Amino acid sequence: TRSGSATRINSQGLIEEVASGQSRLNYPMIDGKVVGCPHHILEPERRNSLSYSEDFSNAYWTKNGTSVVSGFTSPDGTLNAYKLIEDNSNGLHRIYQTSTISASPESSISIYVKYNGRKFVLIRIADSAVGRWYDIENGVLGDSWSATPNDSSIEPMGNGWYRITISHTVSSVARLEMWVSDTESTSAYQGDGTSGIYIYGAQLEQGSYATSYIPTSGSSVQRAADTANGAGNSEVFN
């Protein structure tokens, strides 16, 4: 059981919220498809420090050389994803948000992305000057940016969506900064005014790895630790 907002992957491969006190039966996905039987998610307490995890049109998110348009199908099956579109300037094309992480030795950033004309995405933890490139057309990790993060991953979620993550040591502030680019090694380039990516579900949390998505809409949200009571021994509950 657990209190607070929490999500799982359901049997249709969609992200859905689970009410407090209910077991989170999460279905495994391979190559973006649901396979096999579900498993219980048992995670530690975590907080999504980003106040607007889905509303990228909010002024909370700073856009440089980009704009956003709403109304696209997200990994939860509803029309709440955004299209991040580069402008036609010659420069950086990015979106970012800076949040305070209290006494955190390590932080993790995650966001759901989908190809829409730009295949290369950079996630940068600005205060630590580290980052990772992701090829979201082919679903593979790219090169490090500036310095190599402690950990990073790209996970297919179905329908062309990927969850990309990065984890690294920070001080008291962690800045989620995401760039789109025409090449893996270039950060500034001539935009065409139409290309970009789809984005959904941003998360910044204190910890050495990313946990399941915690939706927010106006303030940070904490998910309490999961517990399993009366589960028997390992032959009953693995």
Side-chain angles (χ1 to χ4, degrees), residues 4-7 15 17 45-76 78-87 89 91-104 106-114 116 118 121-132 134 136 145 149 157 161-168 170-181 187 191 195-207 210-223:
S5 179
T7 61
I15 296 173
E17 291 194 57
E45 179 181 281
R46 288 292 179 89
R47 176 181 295 275
N48 188 351
S49 297
L50 301 174
S51 297
Y52 292 90
S53 66
E54 297 176 13
D55 185 5
F56 296 99
S57 66
N58 192 281
Y60 176 83
W61 289 96
T62 300
K63 297 96 174 172
N64 292 148
T66 61
S67 61
V68 294
V69 178
S70 64
F72 299 90
T73 304
S74 77
D76 72 5
T78 64
L79 299 176
N80 61 344
Y82 279 78
K83 183 189 293 185
L84 179 69
I85 306 169
E86 65 188 36
D87 64 17
S89 66
L92 298 178
H93 304 278
R94 62 180 179 172
I95 185 170
Y96 65 87
Q97 174 52 228
T98 302
S99 295
T100 300
I101 301 290
S102 301
S104 174
E106 221 171 350
S107 289
S108 296
I109 289 170
S110 58
I111 188 167
Y112 297 85
V113 294
K114 182 179 178 178
N116 183 48
R118 290 301 179 206
V121 174
L122 171 73
I123 293 184
R124 178 184 174 215
I125 302 181
D127 70 317
S128 300
V130 300
R132 171 70 71 185
Y134 303 83
I136 64 169
W145 179 90
M157 300 300 300
W161 283 96
Y162 293 93
R163 191 187 195 197
I164 55 178
T165 72
I166 185 172
S167 303
H168 198 72
V170 300
S171 53
S172 60
V173 175
R175 175 164 158 174
L176 188 168
E177 188 166 324
M178 186 173 63
W179 304 358
V180 293
S181 183
S187 54
S195 297
I197 61 174
Y198 297 104
I199 53 177
Y200 165 80
Q203 185 155 302
L204 170 60
E205 57 191 303
Q206 180 178 332
T211 61
S212 60
Y213 174 52
I214 305 169
T216 68
S217 57
S219 63
S220 64
V221 173
Q222 180 171 300
R223 179 193 61 232

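All values reported here derive from a predicted model rather than from experimental measurement.
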Rounded to the nearest 0.5 angstrom, the CG-CD1 distance for N116 and I199 is 11.5 Å
For R94, the option from M178, R124, E86 that meets side chain to side chain contact (heavy atoms under 4.5 Å, CB included) = R124
Measure the OG-CD1 distance between S107 and I166 for me, rounded to the nearest 0.5 Å.
-> 11.5 Å
Find out whether S195 and I85 are in side-chain contact, i.e. whether some heavy atom of one side chain is under 4.5 Å from a heavy atom of the other.
-> no
Where do Y82 and F72 land on the side-chain contact (heavy atoms from CB on, under 4.5 Å) test, with the steps shown first?
-> CA-CA 6 Å; Y82 279 78; F72 299 90; 5.8 Å; no
For I214, does its backbone N or O pair with a side-chain atom of N48 as donor and acceptor, under 3.5 Å?
-> yes
State the CD1-OG distance between I197 and S181, to the nearest 0.5 angstrom.
-> 11.5 Å
Those residues at least two apart in sequence (or on a different chain) that pass salt bridge (charged side-chain N to carboxylate O under 4.0 Å, His left out) with R47 are none
For L176 and Y96, run side-chain contact (heavy atoms from CB on, under 4.5 Å): C-alpha distance rounded to whole Å, both residues' side-chain angles, the deciding distance at 0.1 Å, then the answer.
-> CA-CA 5 Å; L176 188 168; Y96 65 87; 5.9 Å; no
Under 3.5 Å, is there a donor-acceptor pair between the side chain of Y60 and the main chain of S51?
-> yes
Interatomic distance, S49 atom OG to Q222 atom CD [nearest 0.5 angstrom] | 9.5 Å
Looking at side-chain heavy atoms only, is the closest gap between W161 and T73 below 4.5 Å?
-> no
For the side chain of S108 and the backbone of S167, is there at least one donor-acceptor N/O pair under 3.5 Å apart?
-> no
Check step by step if side-chain contact (heavy atoms from CB on, under 4.5 Å) holds for Y198 and Y112.
-> CA-CA 8 Å; Y198 297 104; Y112 297 85; over 6 Å; no
Within a strict 4.5 Å, meaning less than it, do heavy atoms of the K83 and V68 side chains meet?
-> no
If you round to the nearest 0.5 Å, how far is OH of Y213 from CD1 of I111?
-> 9.0 Å
Do you know the tightest heavy-atom contact between D76 and I15?
-> CB-O, 3.1 Å
Show your working on side-chain contact (heavy atoms from CB on, under 4.5 Å) between I125 and I109 and close with a plain yes or no.
-> CA-CA 8 Å; I125 302 181; I109 289 170; 3.8 Å; yes
Counting distance only, does the side-chain N/O of Y134 pair as donor-acceptor with the main-chain N or O of T165 below 3.5 Å?
-> yes
Atom CD in E205, atom CD in E106: separation rounded to 0.5 Å?
-> 11.5 Å
For the pair R223 (side chain) and S212 (backbone), establish whether a donor and an acceptor sit closer than 3.5 Å, ignoring hydrogens and angles.
-> yes
What heavy-atom pair brings G201 and E54 nearest, and what distance separates the two atoms?
-> N-CG, 4.3 Å
Using a 4.5 Å cut-off on heavy atoms from C-beta on, say whether the side chain of D87 contacts that of T66.
-> no
Counting distance only, does the side-chain N/O of T216 pair as donor-acceptor with the main-chain N or O of S53 below 3.5 Å?
-> yes
For the residue pair Y200 and N80, establish whether any side-chain heavy-atom pair is separated by less than 4.5 Å.
-> yes
Give a yes or no on whether the backbone of L50 and the side-chain of Q97 come within a donor-acceptor separation of less than 3.5 Å.
-> no
Would you confirm whether K63, through its side chain, and F56, through its main-chain N or O, come within 3.5 Å as a donor-acceptor pair?
-> yes
Side chains of E17 and P215 in contact at under 4.5 Å (non-hydrogen atoms) | yes
Taking side chain as C-beta onward, heavy atoms only, is I164 less than 4.5 Å from R132?
-> no
